[in-house]
Amino acid sequence: MNPFVYKNGVLHAEDVAIPDIAAAVGTPFYCYSTAGLVQRYTAFADAFPHNRATICYAVKANGNLAVIRTLANLGAGADVVSEGEMRRALAAGVPPDRIVFSGVGKSRDELAFALTQGIAQINVESEPELEALSEISAALNRTAAIGLRVNPDVDAETHEKISTGKAENKFGIDISHARAVFARARDLPGIDPVSVAVHIGSQITDLHPLRTAFGHVATLVDALRADGHSIDRLDLGGGLGIRYDDETPPTPAAYAMMIDETLGRLDCHLMFEPGRVMVGEAGILVTSVLYDKAGLARRFVIVDAAMNDLLRPSMYDAYHGVAPVRETLGDAVLSDADIVGPVCETGDTFARHRAMPMVDPGDLLAILSAGAYGAVMASTYNARLLVPEVLVKDDAFAVVRARPTYDDLLNMDQFADWQDLGQNSTVS
Ligand SMILES: *Cc1c(COP(=O)(O)O)cnc(C)c1O
């Protein structure tokens with residue numbers, strides 16, 4: 001089910017016309033669909049027996065409190081990679097005992113915060129981190145339930161910047177070394193090793209690398225059990241891809257079947273950390289056309305959103321569909337165009353060589369599948385304001401993050417106390 005469809009020639013989010021939101025909040029803005037979130041979450045959750053799986057939504061894909069709460073109300077836990085994300089998850093209503101803390105460089109303060117909140121699991125990614133956690137945990141008189149994140153040295157066959165499971169990537173403990181680290185963990189005070197965790201990358205559109213990785217995990221669990229560890233939980237990470245262009249990502253059912261084949265016999269409680277697949281297709285970025293510029297070699301449709309609002313095209317060469325909010329009629333004349341933002345970098349290009357109808361200034365375009373790694377990666381580069389976020393449910397919409405003001409932006413800076421206004425200043 002796609003929550004973004006044309007009705008009477010106008011793009012809607014559920015039952016709300018996109019131009020109505022634009023009139024209320026201005027452009028650009030992110031728009032998320034509650035039905036889209038619910039549908040993705042339930043499709044994933046229903047692929048597994050509910051009492052045998054915990055779905056910890058990876059907050060880094062979209063950390064808006066209203067998005068997290070929508071998923072938490074369906075039963076989702078949270079996978080977090082910083083104290084800030086942990087605070088977001090807690091503020092959104094995720095119970096601490098459904099929170100997993102991942103990440104290659106958690107600080108001592110962050111580990112202490114996690115322990116005092118009593119979260120479900122901390123995924124340890126290195127031996128020095130294990131030693132540090134043991135010290136902190138023992139000092140606080142706590143016991144940290146840990147997963148050991150292993151690096152299975154498997155190529156996820158995705159963009160190199162979001163591939164995390166090769167031996168040369170910074171993530172996890174080499175799987176060949178995991179038994180030794182488990183043995184060490186068992187001897188350390190304040191540590192209870194309960195789980196093996198693995199996450200090999202993001203936007204994975206073929207089950208094959210995941211199957212290979214999970215096979216290695218199964219072999220490891222056999223060895224760990226033979227060593228006397230009771231491993232009854234597995235954290236299988238996130239990474240399932242979505243459709244941006246013409247990909248055919250695996251269905252949750254196919255994913256579940258593969259997991260049953262590779263890991264089912266171990267009879268473990270499963271934890272998942274899906275991010276992109278929960279939110280990606282449930283969000284769009286709506287932007288206005290500023291100018292339709294006929295260059296010598298190209299047509300450029302210049303819009304009011306830019307790379308600072310949605311970094312994926314410039315950062316990962318990512319493809320996003322672009323749809324006019326006013327439906328293009330069958331007899332419309334289309335011509336090849338690049339859709340670009342106003343930022344002073346050639347990388348500020350959302351799409352190249354798209355067949356676009358004639359557009360006028362003020363026309364709205366929707367950049368599709370922008371719900372994941374969109375707003376969370378935004379910056380104020382070029383002193384542009386962060387864009388607002390809107391959540392739709394049925395025929396209602398709510399601003400779930402307002403557009404800041406220029407005062408908000410400027411007030412983040414301050415002058416050094418020796419900086420008076422200069423003699424020649426003309427500022428009045
Ligand atoms: C990024 C990340 C995820 C989520 O990845 P998706 O591809 O968005 O599902 C899950 N677990 C860990 C450890 C991550 O770093």
Side-chain angles (χ1 to χ4, degrees), residues 1-44 61-62 64 66-67 70-71 74 203 240-249 251 275-289 301 303-305 309-310 312-313 318-330 332 339 350-351 354-357 359 362-376 378 387-401:
M1 184 219 62
N2 183 356
F4 301 101
V5 290
Y6 291 101
K7 295 179 188 171
N8 303 321
V10 176
L11 190 68
H12 281 60
E14 304 188 30
D15 297 327
V16 181
I18 297 297
D20 291 350
I21 306 176
V25 305
T27 58
F29 63 91
Y30 277 96
C31 175
Y32 310 129
S33 157
T34 299
L37 297 169
V38 171
Q39 197 264 334
R40 298 297 146 160
Y41 178 85
T42 23
F44 195 99
N62 185 326
N64 189 287
V67 169
T70 302
L71 296 170
L74 298 168
Q203 184 53 14
L240 272 199
I242 64 171
R243 174 175 282 227
Y244 288 103
D245 185 5
D246 54 2
E247 304 90 341
T248 48
T251 61
R276 188 187 308 271
V277 76
M278 297 282 118
V279 293
E281 291 173 74
I284 60 176
L285 173 61
V286 179
T287 183
S288 294
V289 173
V301 174
V303 298
D304 66 355
D309 306 315
L310 175 64
R312 297 190 68 260
Y319 179 99
H320 283 270
V322 178
V325 166
R326 198 174 353 108
E327 191 169 20
T328 308
L329 300 175
I339 293 118
F350 287 116
R354 299 296 170 83
M356 292 290 292
V359 285
D363 281 358
L364 299 172
L365 301 179
I367 302 177
L368 306 177
S369 297
Y373 305 104
V376 277
V387 304
E389 295 170 84
V390 171
L391 181 66
V392 168
K393 185 174 192 300
D394 304 323
D395 59 359
F397 71 90
V399 175
V400 293
R401 176 186 284 180

Check for a donor-acceptor pair, side chain of Ser33 on one end and backbone N or O of Pro3 on the other, with a separation under 3.5 Å. no
Look only at the side chain of Asn2 and the backbone of Phe4, and say whether a donor-acceptor pair between them is shorter than 3.5 Å. yes
Would you mind reporting whether [Y] and [X] have side-chain heavy atoms less than 4.5 Å apart?
{"X": "Pro28", "Y": "Leu285", "value": "yes"}
{"X": "Tyr32", "Y": "Asn62", "value": "yes"}
{"X": "Val286", "Y": "Val390", "value": "no"}
{"X": "Leu310", "Y": "Tyr30", "value": "yes"}
{"X": "Val67", "Y": "Val400", "value": "no"}

Quick check: closest heavy atoms across [X] and [Y], and the distance to 0.1 Å?
{"X": "Cys31", "Y": "Phe29", "value": "CB-CE1, 3.8 Å"}
{"X": "Val10", "Y": "Pro19", "value": "CG1-CD, 3.5 Å"}
{"X": "Ala351", "Y": "Val322", "value": "CB-CG2, 4.0 Å"}
{"X": "Ala370", "Y": "His320", "value": "CA-CE1, 4.2 Å"}

Donor-acceptor list for residues 362-369 side chains, cut-off 3.5 Å, not counting sequence neighbours:
from   : atom 1 : to     : atom 2 : distance (Å)
Asp363 : OD1    : Arg326 : NH2    : 2.9
Asp363 : OD2    : Arg326 : NH2    : 3.0
Asp363 : OD2    : Asp360 : N      : 2.9
Ser369 : OG     : Arg243 : O      : 3.4

Contacts satisfying salt bridge (Lys or Arg N to Asp or Glu O under 4.0 Å) that involve residues 28-42 (not counting sequence neighbours) are Arg40-Glu281
Can you list every pair that meets salt bridge (Lys or Arg N to Asp or Glu O under 4.0 Å) and has a residue in residues 12-38, with sequence neighbours left out? Lys7-Asp15
Apply side-chain contact (heavy atoms from CB on, under 4.5 Å) to residues Phe44 and Met278 and explain how you reach the verdict. CA-CA 8 Å; Phe44 195 99; Met278 297 282 118; 3.5 Å; yes
Going through the checks in order, is the side-chain contact (heavy atoms from CB on, under 4.5 Å) test met by Phe397 and Ile18? CA-CA 10 Å; Phe397 71 90; Ile18 297 297; over 6 Å; no
Can you tell me how far [atom2] of [Y] sits from [atom1] of [X], rounded to the nearest 0.5 angstrom?
{"X": "Leu391", "Y": "Thr34", "atom1": "CG", "atom2": "OG1", "answer": "3.5 Å"}
{"X": "Asp309", "Y": "Phe350", "atom1": "CG", "atom2": "CZ", "answer": "6.0 Å"}
{"X": "Tyr41", "Y": "Thr70", "atom1": "OH", "atom2": "OG1", "answer": "12.5 Å"}
{"X": "Arg354", "Y": "Ile339", "atom1": "CZ", "atom2": "CD1", "answer": "6.0 Å"}
{"X": "His12", "Y": "Asp395", "atom1": "NE2", "atom2": "CG", "answer": "10.5 Å"}

For Arg276, give me all partners under side chain to side chain contact (heavy atoms under 4.5 Å, CB included), at least two apart in sequence or on another chain. Ile162, Ser202, Gln203, Ile242, Tyr244, Arg312, Ala372, Tyr373
Mind checking side chain to side chain contact (heavy atoms under 4.5 Å, CB included) for Pro357 and listing every partner two or more places apart, or none if nothing turns up? Pro324, Thr328, Leu334
Around atom CG of Asp245, are there more than 12 heavy atoms from other residues, nucleotides or ligands closer than 6.0 Å? yes
Can you sort out the partners of Thr27 under side chain to side chain donor-acceptor pair (under 3.5 Å), two or more places apart, ordered by chain and number? Ser288, Asp304
